[in-house]
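Proteins come first, then strands; the chains are lettered A, B, ... in the order of their sequence lines, and each starts at number 1. Any value given below was found using the heavy atoms of this structure, including those in side chains, with hydrogens, waters and symmetry copies removed.
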Amino acid sequence: MRRTKVADAVRAEAPADAVLIQGWVRTRRSSKGVHFLELNDGSGPETLQVVVDADLSGAGEVEQSATGAAVSVEGALVESPGRGQTWELQAREVRLLGAADPEVYPLQKKRHSDEFLRSIAHLRFRSNKYGAVSRVRSTAALAVHDFFRERDFYCLHTPILTASDCEGAGELFKVTAQDPERIAEKGYSPEEDFFGKRTYLTVSGQLAAEAAACGLGQVYTFGPAFRAEDSNTPRHAAEFWMVEPEVAFAGLGEIVDLAGELLVFITGRVLSERGPDIDLLSRFAETDLSRRLESVRDQGLHRLEYGEAVRILEQSEREWTYPVFFGADLQTEHERYLAEEHFRSPVAVLNYPREIKPFYMRENEDERTVAGFDVLLPAVGEIVGGSQREERLEVLQRRMREMGIDPADYEWYLDLRRYGSAPHAGFGLGFERLVMFLTGVGNIRDAIPFPRASGQLEY
RNA sequence: UCCCCGGUAGCUCAAUCGGCAGAGCGGGUGACUGUUAAUCACCAUGUUGGCGGUUCAAGUCCGUCCCGGGGAGCCA
């Protein structure tokens, strides 16, 4: 018999005589004549109530089917006489697939803290909250691909291993094929290493995506990035996934539009496909979640100039720890004020002072700002950073020298400006931060299945 | 990396001034004719994060390390 998923069973339109359900026991309630099992199989946040009469042959198996056990039940899907559920499964045959000793099984039929669940990351897929987060993450990931596919972008795989050590995005992980013992003995010699040069894990696929866009037109990457920053915050991970579109012949305005549309598209998809999970997360993670997601889906992105942002901050009543003036980078306190209090919505800040942004952002006509932008989210902070890219060879070379970067290390990147240089623009979106926004979880380590952070490499 | 807070039963937490280590939930056993955070009765929870120190006496004070949380910086 083919397995019926719990999510489908609880939405049945009619009774069914022969149904097979397989799942994990969330709770069991027993009285003298009858046992009740609630099963979840990951198909959604719902559980299906299974009724096992005590005189059923094989009811003994139920004795061992405590919270956490895997069971297989065949029976009839019938209207439930009890309150709290429409349908229930009247069991004809119950088989225990795998017991879970309740004395030691860590998950209980009660609410656990995020910290505890994180310490049993291999089992937390079976929890209500983390199960919902996992499903939302999957829906969001597939929505990314659907969004770009609808717009005729090419999906691009960029290298994980890289030799460029100064993309300006934090500390890099060093990679070597040499034995640590040998290095300790003889010192490290890049020439004798696997690639014959110093090797790192990528911090971004951007430079490669630029090359691809300047030929394919419009591309996006969706892959892992690595930062060896020893940053211990709820918003940073050492390994995370990034979505990086890059579009030829596009300017700042178009790429900001694209970021806003992407955000709206994914939010809408999650709302329509994962309603029950969003409802659950609204109860367990953040009460305001549904309303917030709906407002983003319907209203999209606010946008304002960096200069306006500075004026808003200067004119606010707030006392700032870090001073606000044209030329200062926006601190976390400023970003939070803009997104959480002033606009109460996602906001894109455009055209930052050139001194505080990387070399590849295109210099504006005013010669003091660059065509870059950040998208700030309430509670999550910066989720997108992007720009129109500097396509003028001389300007790019000058900017690199100004920022202490040797143009000789970027000959291939400069070639894109030497031959058929075209305006182009792109951005990077932190996928886990997006998942935080979509689910209301407060820590990035709960937005990715097996988080990696400094001092943490479990599983 | 810096600042602040924390680490006690499986989980969440309490323990006054340094003086017998506790509760709720979870678990076990039994009862109960359909429960749904089931209910009722009884039972057991332990290297108080590790190491060292002060003291007659340390969960409590001191040092140090580890881990977790919050904030900051860096950024996605």
Side-chain angles (χ1 to χ4, degrees), chain A residues 26-38 47-55 63 66-68 78 80-85 88 90 100-120 123 127-128 167-171 202-206 221-244 259 321-322 329-333 335-336 356-358 374-377 380-386 427-437 442-448 453-456 458:
Chain A
R26 283 293 173 77
T27 90
R28 184 191 69 201
R29 294 177 291 272
S30 295
S31 61
K32 194 171 191 175
V34 62
H35 305 280
F36 299 93
L37 300 177
E38 282 191 34
T47 55
L48 178 68
Q49 171 160 283
V50 175
V51 184
V52 184
D53 291 325
D55 54 8
E63 305 291 336
T67 301
V78 299
S80 177
R83 273 186 301 187
Q85 61 279 319
E88 64 185 23
Q90 185 67 50
D101 182 354
E103 297 258 22
V104 288
Y105 182 63
L107 283 167
Q108 303 171 0
K109 52 180 177 186
K110 66 170 214 173
R111 192 166 174 180
H112 288 294
S113 66
D114 291 339
E115 292 81 11
F116 175 68
L117 290 174
R118 214 172 292 148
S119 74
I120 49 166
L123 296 174
S127 72
N128 281 328
E167 290 171 23
E171 282 292 308
T202 185
V203 294
S204 163
Q206 179 193 322
T221 75
F222 187 0
F226 307 88
R227 306 278 166 89
E229 286 291 339
D230 191 8
S231 51
N232 199 347
T233 84
R235 299 181 301 283
H236 290 83
E239 176 183 278
F240 63 99
W241 289 67
M242 202 154 43
V243 178
E244 296 178 287
T321 307
Y322 293 86
D329 202 359
L330 298 182
Q331 302 294 320
T332 298
E333 59 173 343
E335 295 181 345
R336 294 187 67 137
I356 59 174
K357 287 294 180 186
D374 286 348
V375 174
L376 313 175
L377 292 186
V380 176
E382 186 178 338
I383 190 179
V384 169
F427 63 81
L429 176 146
F431 188 63
E432 282 71 23
R433 290 187 181 175
L434 177 68
V435 172
M436 290 172 74
F437 166 74
N443 193 310
I444 198 167
R445 294 167 199 198
D446 300 323
I448 185 169
S454 79
Q456 186 178 54
E458 298 293 317

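- Along RNA chain B, the nucleotide nearest to A:Met242 and the one nearest to A:Tyr322 differ in position, and the one closer to the 5' end is contacted by A:Tyr322.
- Distance alone, capped at 3.5 Å, is enough to place a donor-acceptor pair between the A:His112 side chain and the A:Gln108 backbone.
- In this structure, A:Ile120 places its CD1 atom 17 Å from P of B:rG26, rounding to the nearest Å.
- A donor atom on one side chain and an acceptor atom on the other are found under 3.5 Å apart for A:Ser204 and A:Glu244.
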Practice task
Determine, step by step, whether A:Glu333 and A:Thr321 satisfy the side-chain contact (heavy atoms from CB on, under 4.5 Å) criterion, reporting the C-alpha distance in whole Å, the side-chain angles of both residues, the deciding distance to 0.1 Å, and the verdict.
Solution key: CA-CA 8 Å; A:Glu333 59 173 343; A:Thr321 307; 3.6 Å; yes
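- If you check every strand for non-hydrogen atoms under 4.0 Å, A:Leu429 touches nothing.
- In this structure B:rG6 sits in a base pair with B:rC67, meeting the Watson-Crick or G-U test at under 3.5 Å.
- Counting non-hydrogen atoms under 4.0 angstrom, A:Ala225 reaches nothing in the nucleic acid.
- In this structure, A:Pro102 reaches the sugar-phosphate backbone alone: every heavy-atom distance under 4.0 Å involves primed, P, OP1 or OP2 atoms, never a base.
- Between A:Arg235 atom CZ and B:rG69 atom P there is a gap of 13 Å when expressed in whole angstrom units.
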Exercise for the section: Report, as a single string ordered 5' to 3', how protein heavy atoms within less than 4.0 Å touch nucleotides 1-10 of chain B: B base, S sugar-phosphate only, - not at all. Expected result: B--------B
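- Contact annotation for A:Glu88: base contact, defined as any heavy-atom pair under 4.0 Å involving a base atom.
- Base contact: A:Arg83 has a heavy atom under 4.0 Å from a base atom.
- One finds a side-chain N or O of A:Arg445 lying less than 4.0 angstrom from the OP1 or OP2 phosphate oxygen of B:rG69.
- Although no hydrogens or angles enter the test, the distance criterion places a donor-acceptor pair under 3.5 Å between the side chain of A:Glu432 and the main chain of A:Trp241.
- Atom C1' of nucleotide B:rC32 and atom CZ of A:Phe36 are separated by 13 Å, given to the nearest angstrom.
- A:Gln49 and A:Arg29 share a donor-acceptor pair across their side chains, judged by distance under 3.5 Å alone.
- Between the side chain of A:His112 and the base of B:rC11, no donor-acceptor pair under 3.5 Å is found.
- In this structure, A:Ser30 reaches the bases: a heavy-atom distance under 4.0 Å links it to at least one base atom across the strands shown.
- A:Phe427 comes within 4.0 angstrom of no nucleic acid atom, judged by non-hydrogen atoms across all strands.
- Note on A:Gln90: a base of the nucleic acid sits closer than 4.0 angstrom, heavy atoms only.
- In this structure, A:Glu38 places its CD atom 16 Å from P of B:rG34, rounding to the nearest Å.
- A donor atom on one side chain and an acceptor atom on the other are found under 3.5 Å apart for A:Arg26 and A:Asn128.
- With centres under 5.5 Å and a plane angle under 30° as the test, the ring of A:Phe431 is not stacked against the base of B:rA76.
- Nucleic acid contact for A:Gly385: sugar-phosphate only, since backbone atoms but no base atoms lie under 4.0 Å from a heavy atom of the residue.
- Across all strands, A:Val104 comes closer than 4.0 Å to no nucleic acid atom at all (heavy-atom distances).
- Inspection of the A:Asp53 and A:Gln90 side chains reveals an N or O donor paired with an N or O acceptor under 3.5 Å.
- In the interface, the side chain of A:Arg29 is not paired with the base of B:rC32 through any donor and acceptor atom under 3.5 Å apart.
- Atom CD1 in A:Ile444 sits roughly 16 Å away from atom P in B:rC75 (whole-Å rounding).
- Of the possible donor and acceptor atoms, none in the side chain of A:Arg235 sits under 3.5 Å from a partner among the backbone N and O of A:Arg433.
- Taking atom CD1 on A:Ile383 and atom P on B:rA76, their separation rounds to 12 Å, with Å as the unit.
- A:Gln85 comes within 4.0 angstrom of a base, heavy atoms only.
- A:Gln49 comes within contact range of at least one nucleobase, with a heavy-atom separation under 4.0 Å.
- The side chain of A:Pro81 sits closest to B:rG34 out of B:rG34, B:rC75, B:rA76.
- Residue A:Thr321 is classed as having no contact, given no heavy-atom separation below 4.0 Å to the nucleic acid.
- The distance between atom CG of A:Asn443 and atom P of B:rG71, rounded to the nearest whole Å, is 9 Å.
- Pairing for B:rU35 is absent, with no Watson-Crick or G-U wobble pair whose two atom distances lie under 3.5 Å.
- The environment of CD in A:Gln456 is crowded: more than 12 heavy-atom neighbours from other residues, nucleotides or ligands sit within 6.0 Å.
- A straight line from NZ of A:Lys32 to P of B:rU33 spans 6 Å, rounded to a whole angstrom.
- Here B:rA72 sits opposite B:rU1 as a Watson-Crick or G-U wobble pair (both hydrogen-bonding atom distances under 3.5 Å).
- For A:Phe226 and A:Phe240, the ring centers are positioned 6.0 Å apart or more.
- Using the Watson-Crick or G-U wobble rule with both distances under 3.5 Å, B:rU55 pairs with nothing in any strand shown.
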